[in-house]
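These notes are about the structure you will find just below.
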Amino acid sequence: MDLKPGSRLKSSVCDTELIVVKAPSGDVDITCGGAPMADPADAERNGEVAAGAADGTALGKRYVNEDESLEVLCTKPGDGSLALGGTALGLKEAKPLPASD
């Protein structure tokens with residue numbers, strides 16, 4: 001799947017929906033609950049969340065891969081966990097604010 005910022009994605013095994021914030025160039029394999037993500041217009045619910053991919057997603061949280069070349073924002077939470085090429089995506093950590101003293 002070729003992603004670009006602003007693209008919307010929906011899981012085919014749970015309620016998770018995402019918006020792509022930052023995308024790597026080229027074809028990527030992003031999954032939720034062990035199944036490929038799809039365009040919301042094309043996604044139909046079929047199958048169940050895989051046992052090893054059931055950590056869930058949280059509303060309003062940003063998820064990134066290890067080198068932060070992919071960043072997605074969760075717009076609807078679900079039971080499946082996100083992965084890119086079989087590697088789990090992690091929550092993006094907030095940057096610390098500078099000290100004001």
Side-chain angles (χ1 to χ4, degrees):
M1 173 183 308
D2 190 28
L3 298 178
K4 59 184 177 186
S7 298
R8 293 183 174 273
L9 300 171
K10 184 174 182 178
S11 173
S12 59
V13 294
C14 70
D15 294 331
T16 301
E17 291 186 25
L18 309 170
I19 293 178
V20 177
V21 176
K22 182 179 174 184
S25 60
D27 202 29
V28 295
D29 176 29
I30 185 167
T31 60
C32 181
M37 300 283 293
D39 184 278
D42 301 334
E44 291 182 18
R45 193 92 183 249
N46 55 10
E48 297 293 322
V49 175
D55 292 335
T57 53
L59 178 65
K61 297 296 182 183
R62 292 175 185 246
Y63 294 86
V64 294
N65 61 343
E66 194 170 300
D67 66 359
E68 295 191 12
S69 62
L70 172 71
E71 182 177 336
V72 294
L73 172 66
C74 180
T75 58
K76 188 172 182 185
D79 297 328
S81 55
L82 302 171
L84 178 66
T87 305
L89 297 182
L91 276 173
K92 184 174 183 177
E93 298 294 326
K95 293 180 182 175
L97 296 174
S100 61
D101 27 278

Legend entry - Nearest heavy atoms of Asp15 and Pro77, plus distance in Å: CB-O, 3.5 Å
Legend entry - Hydrophobic cluster identity match, Leu9 and Val13, side-chain contacts under 4.5 Å: no
Inset, instruction - Please check if the side chain of Asn65 supplies one atom and the backbone of Leu70 the other of a donor-acceptor pair under 3.5 Å. - result: yes
Legend entry - Which residues share a side-chain contact (heavy atoms from CB on, under 4.5 Å) with Ala58, sequence neighbours left out: Lys61, Tyr63
Inset, instruction - List, by chain and then residue number, the residues other than Val64 in its hydrophobic cluster (Ile/Leu/Val/Met/Phe/Trp/Tyr, side-chain heavy atoms under 4.5 Å); write none if there are no others. - result: none
Inset, instruction - Mind checking the OG1-CG spacing from Thr87 to Leu82? Nearest 0.5 Å is all I need. - result: 13.0 Å
Legend entry - Minimal non-hydrogen separation, Ala53 against Gly34, with atom names: CB-N, 3.6 Å
Inset, instruction - Determine whether Leu84 and Leu91 fall in the same hydrophobic cluster, where Ile, Leu, Val, Met, Phe, Trp and Tyr are linked whenever their side-chain heavy atoms lie under 4.5 Å apart. - result: yes
Side-chain atoms of residues 21-30: list all donor-acceptor pairs with protein atoms under 3.5 Å, sequence neighbours left out, distances to 0.1 Å.
from  : atom 1 : to    : atom 2 : distance (Å)
Lys22 : NZ     : Glu68 : O      : 3.0
Asp27 : OD1    : Met1  : N      : 2.3

Legend entry - Test item: Thr57 side-chain N/O and Gly78 main-chain N/O as donor-acceptor pair under 3.5 Å: yes
Inset, instruction - For the pair Lys10 and Asp42, find out whether any cationic side-chain nitrogen is under 4.0 Å from an anionic carboxylate oxygen. - result: no
Inset, instruction - Please name the pair of heavy atoms, one in Thr16 and one in Met37, separated by the smallest distance, quoted to 0.1 Å. - result: O-CE, 4.5 Å
Legend entry - Leu89 CG to Arg62 CZ distance, which is reported to the nearest 0.5 Å: 14.0 Å
Legend entry - Over all atoms of both residues, closest heavy-atom pair of Gly80 and Cys14: N-SG, 3.4 Å
Legend entry - Among Val20, Val72, Leu18, Asp2, the one residue meeting side chain to side chain contact (heavy atoms under 4.5 Å, CB included) with Ser7: Val20
